[in-house]
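Here the structure is laid out as structure tokens; the discussion comes afterwards.
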Amino acid sequence: RVAEFTGSDEYEFGDITKEINNRRKEWMTSFLGEENAKNYVFGDLTKTAISNFTGKEDYEFGDVTKKLLGNVFGKRKRGGGN
């Protein structure tokens, strides 16, 4: 199983960790884009995920809640008149 995971016939200490790290880098590049992955700063993944979810580039407090409630209840007009 280790050989299948790492793609190497002979196991050396650290091979699994190296393979996990390589796969993480590949995934980050595909998710963030090559330039952003190179300049990754802690929190970038969360920022990108929130932005993708809310459709807004800049997060403001309450954006996730608004999006969730909008998805559940749909958009509603305020004012309650008609």
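Hydrogens, waters and symmetry mates play no part in the numbers below; they use all other heavy atoms, side chains included. One is the number of the first residue; the rest follow in order along the sequence.
- Asp63 places a side-chain N or O within donor-acceptor distance of the main-chain N or O of Glu60, the cut-off being under 3.5 Å.
- Between Asn36 and Phe31 the shortest side-chain heavy-atom distance does not fall below 4.5 Å.
- Both Tyr11 and Ile20 sit in one connected hydrophobic cluster of ILVMFWY residues. Membership requires side-chain heavy atoms under 4.5 Å apart, directly or through other members.
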Checking side-chain contact (heavy atoms from CB on, under 4.5 Å) for the pair Val2/Ile16: CA distance, chi angles, key distance, verdict? CA-CA 7 Å; Val2 172; Ile16 294 173; 4.1 Å; yes
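- Between the side chains of Asn22 and Glu26, not a single donor N or O lies within less than 3.5 Å of an accepting N or O.
- With Asn52 contributing its side chain and Ala49 its backbone, the two residues share no donor-acceptor pair below 3.5 Å.
- Atom NZ of residue Lys56 and atom CD1 of residue Ile50 lie 12.0 Å apart, to the nearest 0.5 angstrom.
- Side-chain N or O atoms of Ser30 include one that pairs as donor or acceptor with a backbone N or O of Trp27 at under 3.5 Å.
- Nearest heavy atom pair, residue Leu32 against residue Ala37, reads CB-N, 4.2 Å.
- Note: the hydrophobic cluster containing Tyr59 does not contain Leu45 (ILVMFWY, side chain heavy atoms under 4.5 Å, direct or indirect links).
- The closest side-chain heavy-atom distance from Phe5 to Glu19 is below 4.5 Å.
- In this structure, Glu57 and Lys47 approach most closely via the heavy-atom pair O-CE, 4.4 Å.
- Inter-residue side-chain proximity for Phe53 and Asn71 is flagged as met; some heavy-atom pair is nearer than 4.5 Å.
- Within 6.0 Å of atom NZ in Lys25, 12 or fewer heavy atoms from other residues, nucleotides or ligands are found, so the atom counts as exposed in its surroundings.
- Side-chain atoms of Thr48 come within 3.5 Å of backbone N or O of Asp44 as a donor-acceptor pair.
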